[in-house]
Each structure stands twice: as structure tokens, then as C-alpha cells.
Amino acid sequence: MELLSNAPAYAAVPDKYVFPPEKRPSVLLDDATSDVALPVIDLHGAALSDHHHQVAAEIIRAGKEFGFFQVVNHGVAEGVVRGFREAAAELFALPAEEKMPYCSEDQSRPFRLASSTSYDRSQTRYWRDYLKLTCHPVSEELVRHWPAKPATFRSSLAEYAAAVHDLAQTLLSLVAEGLGLPGGFFAGDLSGGDTQMNVNYYPPCPDPSVTLGLLPHCDRHLLTVLSQGDVAGLQAKHCGRWLLVRPVPGAFVINFGHQMEIVTNGVLASVEHRAVTNSAAARMSVATLVMPTMDCRIGPAPEMVSEASPARFRSFVFNEFMQAYGAAAASREDALESFRIDRSPSATA
């Protein structure tokens with residue numbers, strides 16, 4: 001398997017990474033001058049009884065407007081984040097022969113390293129290497145699948161995964177409160193699947209205008225907690241424009257997946273996002289993906305359905321959605337189409 005992290009610096013983008021003109025970032029409604037910024041929410045107030053409801057309301061407001069927001073004072077120690085990011089960066093920097101045992105296209109493996117192809121199943125490749133792994137709940141059996149080199153990888157990942165899991169549960173509790181749902185609504189099967197992690201590595205690109213790190217897509221699961229470091233590259237779609245998510249020191253970027261949109265009956269939508277490259281510096285992001293159990297039954301929460309707001313989605317088992325998402329090649333509308341309830345006049349005639 002050919003990895004970008006093993007390749008010498010390119011003077012030009014190889015043909016297999018060059019996207020068709022209509023899919024290049026320069027023509028996809030870019031607005032690099034936009035002064036719109038994602039909300040930054042201070043979670044310190046969530047621990048204070050007199051500010052708890054305010055923080056929950058801020059999250060819902062940000063979710064409704066953007067589908068994305070950043071959180072600070074989130075309780076995950078700076079050293080924990082830095083420790084795992086450094087260990088992951090060391091893994092990508094290992095000699096090719098030491099990484100090869102982990103390279104695989106087998107999606108059933110609990111840890112694998114790969115260089116990605118595009119969601120639309122063309123032969124055009126993203127400008128990205130990635131680690132894809134199961135990270136929580138942590139067990140001795142799971143840890144055995146993680147690399148033993150670098151020496152700090154296993155211990156730093158276990159610590160990071162546990163801390164981010166706690167943060168995700170706090171956020172889900174605040175979402176429930178902000179929507180008027182029971183406090184433990186998202187606990188159990190809705191967020192109890194094996195937590196997945198994507199560690200994305202984007203090396204410097206000689207011509208960022210002709211390729212992408214990731215095509216526009218929405219996430220299939222419930223909630224994403226992203227550490228993007230200090231190099232920008234994530235863009236979220238807002239009002240037909242691509243907004244650059246500018247790094248905030250110490251912050252996590254949060255976004256909602258398709259399951260959140262369905263459970264909230266469309267109140268909190270899953271928003272398209274993508275990754276662009278740059279020519280100056282390597283970028284690494286760590287995405288922690290909270291998802292339901294495969295046999296979890298999902299549908300709009302009864303509290304989110306009314307005569308004025310009838311159910312927009314049918315009930316289904318999460319594994320069914322996973323299969324539909326793969327068949328839809330991550331297209332937002334195609335992934336949701338088979339789960340929508342058609343309430344047009346022609347459907348009831």
C-alpha cells in the first residue's frame with residue numbers, strides 16, 4: 001500500500017490525486033473572505049447550576065444555526081490531548097516497513113492504517129493518510145490490536161479515548177436538556193456502540209487548488225468530537241458557503257451526525273463538511289465518532305413530534321442505516337432518502 005506519509009515531497013500533485021474540475025475546492029462555492037465564525041462555547045458554566053441551562057441553550061442555538069461549534073474549558077487536560085497527538089504523529093513518521101503490518105483495506109479490523117480513495121468510488125484519491133480504529137470501551141483485548149510503537153501510543157490513546165468519551169456524554173446530556181428531553185435520553189444504546197476514531201494526516205500539498213483531503217460529506221453516526229490542532233483545513237457548509245473552521249487553542253470542534261438529525265426530527269441537522277489541503281504545513285486531525293449499537297432502533301423522539309411537526313423519518317435499526325450510507329457513497333440526501341417519510345399530496349392520494 002502506498003502512503004503519502006512514506007512518499008518524498010512532491011513538486012506537483014500526481015494525477016491520481018487530481019480531482020475533476022467540477023469537484024475541486026476552487027469552484028465549490030468557496031468564500032475565503034467570510035467573516036462568519038463558528039460559536040465557541042465555554043463548558044465551564046455547565047458545572048455551575050446557575051449557568052447550566054444557559055450552556056445547554058447555547059449548544060442548541062449553535063446546532064440549529066451551524067450544526068458545528070467549538071468548546072473550550074471542556075475538562076480534557078491539555079497534556080492528554082498533546083500526548084496522544086504527539087504519539088499519533090510519531091506513528092505516521094515511522095519508517096514504511098514498520099507501518100506496513102498495520103496497512104489494510106479490511107474495514108472489520110479494529111486498527112488499520114490506509115491511504116484513502118474517494119467516497120464516489122472513482123479512482124481519484126484524497127490527499128490523506130489515516131488511522132481508523134476502535135478506541136472505546138478500552139479493554140485488554142482491544143489494546144492488543146493497537147501498535148506497540150511508538151512506546152507511548154497505547155497508553156496515550158487509552159487516556160485520550162476515556163477523557164473524550166466523558167466529554168461526549170456531557171455534551172449529549174446538555175443537548176438533551178436543551179431540547180427538553182429526559183437527561184439520560186442519549187445514554188444506553190443510542191451512544192453505546194463501539195466508539196470509532198479517525199486520525200487523519202494531510203501532508204503539505206504542492207497545489208491545494210486541484211485536490212481535497214476529504215470530499216463534502218455528512219457523518220453517519222450521532223456525534224463527532226474533533227481535535228484539529230493548530231493548522232486549519234476543516235470547512236463546514238453554511239448558507240451555501242464553505243466556512244473555514246479556524247483553530248481555537250485548546251478547543252474541540254463538535255458536529256452532529258445523521259442519527260442526531262433523525263432523533264431530533266430535523267431540529268439539529270447533520271451538516272456537510274470537507275477538508276482542504278495547504279502547501280505550507282502538515283495537518284493532523286483526530287475525530288472521535290460516537291455511535292449507536294448496531295441493533296439500536298432509531299427514530300424521531302416522541303417529544304420532538306407533534307401535529308405541527310409530524311415525524312419526518314421512519315423508525316429503523318442502525319445497522320440498516322450503515323448499509324444505506326455505504327450505498328449512498330456519503331451523499332447527504334441519498335443517505336437520508338430511504339428513511340424520510342414522504343408527506344407530499346401525491347404520497348397520500
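Since we're looking at a predicted model, the values are computed, not measured.
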Checklist entry - Is S191 reaching over with its side chain to a backbone N or O of F186, donor-acceptor style, under 3.5 angstrom? => result yes

Checklist entry - In Å, rounded to the nearest 0.5 Å, how long is the span from CG of N319 to CZ of R297? => result 12.0 Å

Checklist entry - Just by distance, do the side chain of R24 and the backbone of F19 share a donor-acceptor pair under 3.5 Å? => result yes

Checklist entry - Can you hop from M294 to L133 via hydrophobic side chains spaced under 4.5 Å? => result yes

Checklist entry - Under the side chain to side chain contact (heavy atoms under 4.5 Å, CB included) criterion, do E2 and S115 qualify, and how do the steps go? => result CA-CA 7 Å; E2 183 180 351; S115 191; over 6 Å; no

Item to check | Given F153, Y201, Y202, the one that forms ring pair (Phe, Tyr, Trp, His ring centres under 6.0 Å) with F92 | outcome: Y201

Checklist entry - Minimum heavy-atom separation for A168 to V225, with atom names? => result CB-CG2, 4.3 Å

Checklist outcome for this item: For residues 73-91, the salt bridge (Lys or Arg N to Asp or Glu O under 4.0 Å) pairs (sequence neighbours left out) are E78-R82

Next on the checklist: In this structure, would V231 and W127 fall into the same cluster of hydrophobic residues linked by side-chain contacts under 4.5 Å?
Outcome noted: no

Next on the checklist: Quick check for you: to the nearest 0.5 Å, what is the distance between L289 atom CG and D194 atom CG?
Outcome noted: 12.0 Å

Checklist entry - Is there a donor-acceptor contact under 3.5 Å from the side chain of D106 to the main chain of S108? => result yes

Checklist entry - With the threshold set at 4.0 Å, does a side-chain nitrogen-carboxylate oxygen contact exist between R314 and E320? => result yes

Item to check | Steps toward side chain to side chain contact (heavy atoms under 4.5 Å, CB included) verdict (F69, F256) | outcome: CA-CA 10 Å; F69 54 94; F256 300 129; 3.8 Å; yes

Checklist entry - Does the pair N200 and R128 meet the rule for a side-chain hydrogen bond (donor to acceptor under 3.5 Å, both in side chains), with working shown? => result CA-CA 7 Å; N200 305 303; R128 176 186 79 141; 2.5 Å; yes

Item to check | Plane angle bin for F316 and F339 - parallel if under 30°, tilted between 30 and 60°, otherwise perpendicular | outcome: tilted

Checklist entry - Is it true that a side-chain atom of T134 and a backbone atom of Q196 form a donor plus acceptor pair closer than 3.5 Å? => result no

Item to check | Hphob cluster co-occupancy, Y126 + V210, side-chain heavy atoms under 4.5 angstrom | outcome: no

Checklist outcome for this item: Between T288 and Y160, the two heavy atoms sitting closest are OG1-CE2, 4.0 Å

Item to check | Close aromatic pair by centroid cut-off 6.0 Å: Y102 and F111 | outcome: yes

Next on the checklist: Is there a path of hydrophobic side-chain contacts, each under 4.5 Å between heavy atoms of I/L/V/M/F/W/Y residues, joining L3 to M284?
Outcome noted: yes

Item to check | Interatomic spacing from OG in S155 to CH2 in W146 - rounded to 0.5 Å | outcome: 9.5 Å

Checklist entry - Nearest 0.5 Å, what's the OG1-CG distance between T224 and L171? => result 11.5 Å

Item to check | M304 side, atom CE; S306 side, atom OG - distance, nearest 0.5 Å | outcome: 9.0 Å

Checklist entry - Any side-chain heavy-atom pair from L113 and Y130 closer than 4.5 angstrom? => result no

Checklist entry - Would you find more than 12 non-hydrogen atoms of other residues, nucleotides or ligands less than 6.0 Å from D15 atom CG? => result no

Checklist entry - Tell me, do Q70 and F252 make a side-chain contact under 4.5 Å, heavy atoms counted? => result no

Item to check | Atom pair OG (S270) and NE2 (H258), whose distance is rounded to the nearest 0.5 Å | outcome: 4.5 Å

Checklist entry - Between H217 and H273, does the ring centre distance come in under 6.0 Å? => result yes

Next on the checklist: Pair L91, L131 - check side chain to side chain contact (heavy atoms under 4.5 Å, CB included), show working.
Outcome noted: CA-CA 10 Å; L91 190 147; L131 305 174; 3.7 Å; yes

Checklist entry - If we ignore angles and hydrogens, is there a donor and acceptor under 3.5 Å between the side chains of K99 and S5? => result yes

Checklist entry - Do any N or O atoms from the side chain of R312 and from the backbone of I262 form a donor-acceptor pair under 3.5 angstrom? => result no

Checklist entry - With side chains defined as the heavy atoms from C-beta onward, is the minimum distance between F84 and M197 less than 4.5 Å? => result yes

Next on the checklist: If hydrophobic clusters are built from ILVMFWY residues whose side chains come within less than 4.5 Å, do V248 and I41 share one?
Outcome noted: no

Next on the checklist: If only side-chain N and O atoms count, and only distance matters, is there a donor-acceptor pair under 3.5 Å linking Q228 with R283?
Outcome noted: yes

Item to check | Chi angles and distances behind the side chain to side chain contact (heavy atoms under 4.5 Å, CB included) call for E177, I60 | outcome: CA-CA 9 Å; E177 179 178 338; I60 300 305; over 6 Å; no

Checklist entry - Looking only at atom types and distance, does a side-chain atom of T211 sit under 3.5 Å from a main-chain N or O of D207, one as donor and one as acceptor? => result no

Checklist entry - Would you say the side chain of H44 lies within less than 4.5 Å of the side chain of H74, judging by non-hydrogen atoms? => result no

Checklist entry - T277 and G213: which non-hydrogen atoms are nearest, and at how many Å? => result CG2-N, 3.8 Å

Checklist entry - Do any N or O atoms from the side chain of S309 and from the backbone of V305 form a donor-acceptor pair under 3.5 angstrom? => result no

